[in-house]
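Below is one structure; the comments refer to it alone.
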Amino acid sequence: MFLFNYRYRLKCIFRDRQLMFWTFLFPVLLATLFNLAFSNLSSSDNFLKVNVAVVQNQALDQNPAFTEAIDGADDLFVVQYTTKSAAEALLNDNQIDGYIIFDSKLNLVVSQSGLNQTIIREFLDDFVQSSATIVTIITTNPTALDGGILAGVSSRNEYLTAVSASQSNPDPVVNYFYALIAMTCLYGGFLGVKEVVAIQADLSAVGARINLAPTNKLTVFLSSMLAATTVQLLELLILLAFLIGVLGINFGDQLGYIALTCLAGSLTGVTFGACIGSIIKQGEGLKIGILIGSTMTMSFLAGMMSADIKYLVMTRVPILGYLNPASLITDSFYALYYYNTHTQFFTNILLLCGFTLLFSTVTYLVLRRQKYASL
Amino acid sequence: MQVYKAFFKIIQKNRGQILIYLVVFMVLALLLTNTYNPPQDTDFSKVKVNIAFINNDSDSQLVAGLKTYLDENANLVDLPDDTQKLQDALFFREVEYILRVPAGFTEAMLSGQNVQLEKTTVPDSTSNVYMDLLINKYLNTAQTYTTYLPGLSQADLTQYLARDLAEQSEVTLISNGSHSANAEKSGYYFNYLSYSMFAILILGVSSVMLVFNDTDLKRRNLCSPIRSATINFQMILGNLSFAILTWLVLISASFVMYGSFMFTPPGMLLLLNSFVFTLAALSISYLIGNLVKSRGAMSAVANVFALGTSFISGVFVPQELLGDNVLTIASFTPTYWYIKANNEIAAAVSFNADTLQSIFTSMVLVLAFGVAVLAVTLVLIKQRRVEA
């Protein structure tokens with residue numbers, strides 16, 4: 001009976017085209033759209049050399065030190081020397097971020113406040129500030145001039161050593177895809193609802209027929225849920241393969257743990273749907289409505305629409321993150337990708353198992369021993 | 001006007017799904033106005049990077065001086081010295097730069113020894129380059145002092161540093177005219193509008209079409225004493241009034257939020273542009289309405305179409321950040337041209353012949369999409385009637 005029902009439930013699920021669309025094609029489509037839209041997002045704050053123009057005039061010619069300094073900073077700037085009117089035209093066309101004009105004092109002309117403009121400003125400030133330092137030193141210790149202070153000021157030491165935060169790049173874009181997987185897991189709830197409807201005599205004709213059969217309802221229901229979980233896990237693994245293989249999203253390299261997360265997520269999702277399906281006695285429309293509404297709210301809090309939301313929850317109301325299955329699934333992938341330790345990961349997986357247990361118990365208590373006076 | 005009345009009765013019955021999209025849009029629009037504040041271009045202001053400053057050395061005057069200097073040039077964010085918390089903050093860009101002052105730093109610095117500070121950054125980012133410049137400058141200046149004025153007290157050193165590094169060069173900000181913050185905000189508002197507009201029109205029109213295209217119902221309607229031309233006329237009227245009603249509802253919040261700005265030339269252009277887009281969206285919805293066979297398919301198509309076009313056309317992510325191939329694909333949808341015109345209207349400081357021409361070209365293209373799709377739909381309907 002177990003296998004018989006299992007096989008037929010699989011067929012029922014695979015033939016439900018609408019169900020297959022929402023639980024499988026829709027996430028794949030959304031992932032593709034995310035990828036199209038976000039692919040340039042993380043590279044947009046990459047440093048590109050700042051385009052700057054220097055206006056040629058007499059004052060500039062008399063200050064070779066400045067020309068030398070800005071030419072020396074070729075890792076920061078792309079410099080072009082032009083006339084004032086040409087520089088203005090370039091600025092208006094957004095060809096340069098600003099132009100420098102030596103007019104008794106250093107002057108920077110920009111058309112907006114931005115990080116690139118701030119960098120040019122910083123460079124000019126540096127030039128002015130070094131002069132101030134030299135003056136201070138020479139007035140206190142005139143011998144410094146012979147001690148080579150001019151050369152000393154222009155030679156710079158590097159005081160910073162980069163230490164990476166983790167073995168992986170801190171790229172917030174991956175979080176969108178992790179949250180998308182979390183949504184897919186919870187969309188597995190559609191399958192859970194379908195199975196509950198199919199086994200409750202007051203909800204569907206199939207359910208009425210099954211309740212007549214001289215089989216243990218628990219056995220039948222377990223095999224139904226197993227079928228739903230199988231489909232859900234399969235869909236999830238295909239989605240994962242698509243994300244990694246086709247879209248090239250980075251999940252880190254701990255494949256075993258990633259698969260474990262998928263399994264825990266599938267179970268949570270399917271039992272979540274079954275729980276909703278059994279608690280809410282009204283029509284299927286309401287069940288689906290509540291399922292979509294809660295899934296979307298949870299995915300939103302897990303950062304599917306904006307990664308900032310997830311950080312806000314993480315830092316301000318961490319408890320909300322632990323009570324939200326979507327957050328737990330997202331965080332598990334995040335922890336595998338980004339953290340050096342597994343503490344957070346295992347906490348999340350345990351909590352997911354806890355949720356699965358809770359949802360299953362509730363479903364069991366509602367479904368067991370139901371009798372119908374009339375149907 | 002039985003047909004016209006029936007049209008709105010069906011819409012009434014399906015208002016639940018439609019209201020969801022309306023609420024989503026209103027929430028998005030509200031969130032946007034309250035959170036997004038475009039930079040004011042009246043005076044040059046330094047961009048301050050969010051950084052975390054962690055001191056493992058003793059609280060010396062030199063460290064305090066460095067911290068004060070960084071506080072003036074960057075936003076110091078208070079974070080606990082906990083690996084995961086710091087990792088999280090960097091990942092979600094709460095801070096873009098974490099500076100760690102090692103133990104023994106002050107002593108090494110004062111005695112002229114080489115010392116390295118640890119930085120954790122977003123690799124290759126502009127903020128990384130900028131913060132490197134700032135910190136290296138402070139420390140190099142300090143080193144110059146200790147080399148040439150040996151025996152300088154820490155108090156004097158930090159004082160000298162603070163004085164020198166307060167020197168600034170001059171910046172002139174040439175602004176090309178005043179640019180209102182409302183223009184940019186309302187630009188976003190109208191961009192988001194396209195998503196809800198598409199979803200609502202597809203759902204509304206399709207739900208009506210599903211009913212009227214039902215074969216039995218259609219046969220019954222054809223043998224009614226109302227002329228088929230009258231039926232068609234009332235259907236067209238129904239579709240148009242539904243679209244215009246949706247448009248009016250969706251733009252209504254803009255008058256509340258941006259007030260008199262909506263009556264200035266850019267405001268009027270945004271309204272005109274959204275109206276043109278409404279017509280094109282209606283035409284596409286009409287085609288979809290005639291193609292879908294079931295209610296399930298209807299919500300799937302509405303979702304996929306509204307989300308898909310919005311994502312690739314720059315509704316959720318600005319067009320500048322999308323790849324060229326994506327934009328090429330997007331240019332086959334009216335949404336792309338609608339967003340392009342919106343962005344140009346919102347960014348324009350003054351309207352000259354060039355900008356106006358570009359904006360109106362986009363509008364004409366959107367309208368052309370509408371007409372072309374409508375033509376296809378009419379052919380399709382005609383063919384089906386022949387088959388039936």
Side-chain angles (χ1 to χ4, degrees), chain A residues 18 21 29 33 36-41 44-47 76 92 105-116 118-119 121-122 124-126 128-129 132-133 136-137 140-141 144 147 149 152-153 156-166 169-170 172 307-308 310-311 314 338-339 344, chain B residues 39 41 44-47 84 86-88 90-94 116-130 132-137 139-141 143-145 147-149 160 164-165 167-174 176 296 300 304 307-308 311-312 316-317 321-323 326:
Chain A
Q18 218 176 309
F21 173 80
L29 216 84
L33 290 176
L36 287 177
F38 298 152
S39 51
N40 287 2
L41 208 58
S44 66
D45 43 300
N46 276 8
F47 179 67
L76 288 180
N92 273 333
K105 277 180 93 176
L106 269 177
N107 200 328
L108 169 66
V109 183
V110 294
S111 60
Q112 55 175 312
S113 310
L115 197 51
N116 281 355
T118 310
I119 289 182
R121 169 81 183 285
E122 178 52 36
L124 299 183
D125 285 354
D126 192 0
V128 179
Q129 291 160 359
T133 309
T136 317
I137 291 182
T140 352
N141 175 13
I149 182 171
V153 164
R156 291 294 168 101
N157 288 337
E158 176 63 52
Y159 283 97
L160 294 159
T161 316
V163 179
S164 55
S166 111
N169 197 13
D308 296 341
K310 180 173 149 69
Y311 186 71
M314 262 168 119
Y338 194 55
Y339 289 159
Q344 184 72 43
Chain B
D41 286 352
F44 181 79
S45 51
K46 277 187 278 201
V47 171
Q84 280 194 7
L86 290 174
Q87 280 182 322
D88 289 345
L90 192 70
F91 189 92
F92 292 103
R93 305 290 188 267
E94 170 75 1
Q116 292 285 304
L117 281 69
E118 282 178 11
K119 62 165 180 176
T120 310
T121 66
V122 177
D124 304 324
S125 65
T126 309
S127 51
N128 175 8
V129 172
Y130 174 58
D132 281 2
L133 269 182
L134 281 177
I135 297 165
N136 272 323
K137 180 175 66 191
L139 298 175
N140 272 300
T141 311
Q143 198 233 350
T144 310
Y145 273 111
T147 315
Y148 292 99
L149 297 179
Y160 282 158
D164 285 357
L165 299 183
E167 294 271 339
Q168 290 187 336
S169 57
E170 272 176 45
V171 182
T172 319
L173 187 89
I174 49 161
N176 15 15
V304 169
L307 270 180
F311 260 111
I312 61 173
F316 300 131
V317 177
L321 289 179
L322 294 171
V326 178

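First the proteins, then the strands, lettered A, B, ... as listed; each starts at 1.
There is a side-chain donor-acceptor pair under 3.5 Å between B/T172 and A/N107.
For the pair A/R121 and B/K46, the tightest heavy-atom approach, listed with the atom from each and the gap, is NH1-CG, 4.2 Å. When all heavy atoms are compared, the tightest approach of A/P170 to B/L90 is CG-CD2, 4.1 Å. Shown here for A/F21 and B/A300, the closest heavy-atom pair between the two residues is CE2-CB, 3.4 Å. Heavy atoms only, all atoms of each residue included: A/A37 and B/V317 are closest at O-CG1, 3.6 Å. Minimum heavy-atom separation, B/D88 to A/Y338: N-CE2, 4.3 Å.
Distance CD/B/E94 to CG/A/D308: 9.0 Å, rounded to 0.5 Å.
Of the atoms belonging to B/T147, not a single heavy atom falls under 4.5 Å from chain A. Within the 4.5 angstrom heavy-atom criterion, no atom of A/S39 approaches chain B.
Under the 4.5 Å side-chain criterion, counting only non-hydrogen atoms from C-beta, B/Y160 is not in contact with A/I137. Counting heavy atoms from C-beta on, the side chains of B/N136 and A/E158 come closer than 4.5 Å. Contact check for B/L139 versus A/N157: no side-chain heavy atoms found under the 4.5 Å cut-off.
Scanning for salt bridge (Lys or Arg N to Asp or Glu O under 4.0 Å) contacts around B/E170 gives A/K105, with sequence neighbours left out.
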